[in-house]
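Below, all heavy atoms of this structure are taken into account, side chains as well, without hydrogens, waters or symmetry copies.
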Amino acid sequence: QAQLVESGGGLVQAGDSLRLSCAASGRTFSTYVMGWFRQAPGKERDFVAGIKWTGDSTYYADFVRGRFTISRDNAKNTVYLQMNSLKPEDTAVYYCAADASRYIATLKGNYDYWGQGTQVTVSS
């Protein structure tokens, strides 16, 4: 059974960095687009970043562009989200997702598999 497991969340101060990991198991996701989404309390789940299976194409939401970096290691079936210069408004549960299509989608409905999420809390 395919499974995505996120890790690396925690409580940090504004300006700090965190690195999230998403480990895939049960099948290979090396040909999937991988994405990160986030959901704050009472809000919709928003696209954060995506990466094509080749790793040479990425896309970011405007509110994280220049601060966050998505990467992947297909040999390890793992995707990462390096988050720098964190702000209190980045506080949310962060989810990893996999999409079987060829192009990076920003709509959560396009994604076929989801992890359980990891909490990121940024204090001011």
Side-chain angles (χ1 to χ4, degrees):
Q1 182 176 350
Q3 189 176 19
L4 301 175
V5 178
E6 302 93 337
S7 62
L11 171 63
V12 296
Q13 293 186 333
D16 285 351
S17 298
L18 273 178
R19 188 195 197 201
L20 305 184
S21 298
C22 171
S25 63
R27 66 169 299 141
T28 180
F29 288 94
S30 60
T31 60
Y32 279 58
V33 166
M34 300 298 294
W36 285 97
F37 287 74
R38 71 185 189 186
Q39 188 167 18
K43 296 190 176 182
E44 293 289 320
R45 188 173 298 188
D46 293 328
F47 173 83
V48 174
I51 186 168
K52 290 182 69 175
W53 72 273
T54 54
D56 61 353
S57 180
T58 58
Y59 187 74
Y60 297 91
D62 288 343
F63 52 79
V64 302
R65 188 171 290 119
R67 298 188 297 124
F68 292 10
T69 303
I70 187 172
S71 61
R72 66 190 298 165
D73 185 337
N74 287 338
K76 295 182 178 179
N77 234 9
T78 301
V79 180
Y80 306 97
L81 185 67
Q82 177 67 42
M83 306 187 296
N84 298 330
S85 302
L86 283 162
K87 304 175 182 180
E89 51 264 44
D90 293 319
T91 295
V93 177
Y94 283 72
Y95 297 90
C96 173
D99 177 6
S101 65
R102 297 174 58 188
Y103 302 101
I104 300 172
T106 61
L107 297 178
K108 56 182 180 292
N110 286 71
Y111 288 77
D112 307 294
Y113 299 95
W114 290 87
Q116 83 291 345
T118 185
Q119 176 70 47
V120 172
T121 303
V122 184
S123 64
S124 58

Is the shortest heavy-atom distance from the side chain of D112 to the side chain of D99 under 4.5 Å?
yes
Side chain proximity check, T118 to V93, heavy atoms < 4.5 angstrom: no
### Task
Flag the pair F37 / F47 as yes when their ring centroid distance falls below 6.0 Å, and as no otherwise.
yes
Run the side-chain hydrogen bond (donor to acceptor under 3.5 Å, both in side chains) test on R27 and Y32 for me, step by step, so that the C-alpha distance in whole Å, both residues' side-chain angles and the decisive distance to 0.1 Å come before the verdict. CA-CA 11 Å; R27 66 169 299 141; Y32 279 58; 3.3 Å; yes
To the nearest 0.5 Å, atom CZ of R67 lies from atom OG of S85 at 7.0 Å
NZ (K52) and CD1 (I70) are apart, to the nearest 0.5 Å, by 13.5 Å
Is there a side-chain contact (heavy atoms from CB on, under 4.5 Å) between Y111 and V33 once you walk through the steps? CA-CA 9 Å; Y111 288 77; V33 166; 4.0 Å; yes
What one should report as the nearest heavy-atom pair of P88 and A14 is CD-CB, 4.1 Å
We want to know whether N84 and S17 form a side-chain donor-acceptor pair, criterion being a heavy-atom distance below 3.5 angstrom. yes
| Derivation of the salt bridge (charged side-chain N to carboxylate O under 4.0 Å, His left out) call for R38 and D90 | CA-CA 9 Å; R38 71 185 189 186; D90 293 319; 2.8 Å; yes
In this structure, OG1 of T78 is separated from CE of M34 (nearest 0.5 Å) by 9.0 Å
Distance col, row N74:CG vs T31:OG1, nearest 0.5 angstrom, shows 8.5 Å
query: Under 6.0 Å from the CH2 atom of W53, do we count more than 12 heavy atoms belonging to anything else shown?
result: no
Count I, L, V, M, F, W, Y as connected when their side-chain heavy atoms are under 4.5 Å apart, and connections chain through other members. Are L20 and Y59 then in the same cluster? no
Sequence neighbours excluded, the answer for salt bridge (charged side-chain N to carboxylate O under 4.0 Å, His left out) partners of R65 is D62
Quick one: do W36 and C96 satisfy side-chain contact (heavy atoms from CB on, under 4.5 Å)? Show the steps, please. CA-CA 5 Å; W36 285 97; C96 173; 4.0 Å; yes
E89 meets the side chain to side chain contact (heavy atoms under 4.5 Å, CB included) criterion, sequence neighbours left out, with K87
Under the side-chain contact (heavy atoms from CB on, under 4.5 Å) criterion, do Y94 and E6 qualify, and how do the steps go? CA-CA 8 Å; Y94 283 72; E6 302 93 337; over 6 Å; no
In this structure, CZ of F29 is separated from SG of C22 (nearest 0.5 Å) by 8.0 Å
- Query: So do L4 and Y95 actually touch side chain to side chain, heavy atoms under 4.5 Å?
  - Reply: no
(Q) Could you tell me if the side chain of V122 sits less than 4.5 Å from the side chain of Q13, heavy atoms only? (A) no
Open item on the list: Evaluate L18 against V120 for side-chain contact (heavy atoms from CB on, under 4.5 Å), listing each step before the verdict.
Closed with: CA-CA 9 Å; L18 273 178; V120 172; 3.9 Å; yes
The reported gap from OG in S30 to NZ in K76 (rounded to nearest 0.5 angstrom) is 15.5 Å
**Message:** Taking I51's backbone N and O only, do any of them form a donor-acceptor pair with T58's side chain (distance below 3.5 Å, no angle check)?
**Reply:** no
* Asked: Taking the six-membered ring of Y80, is NZ or CZ of R72 closer than 6.0 Å to its centre and within 45° of its axis?
  -> no
**Report entry** Check: Q82 and F68 side chains under 4.5 Å, non-hydrogen atoms
**Finding:** no
Q | pair V12-S123: side-chain heavy atoms closer than 4.5 Å | A | no
(Q) Please tell me whether Y113 and V5 are part of a single hydrophobic cluster in this structure, the criterion being side-chain heavy atoms less than 4.5 Å apart. (A) no
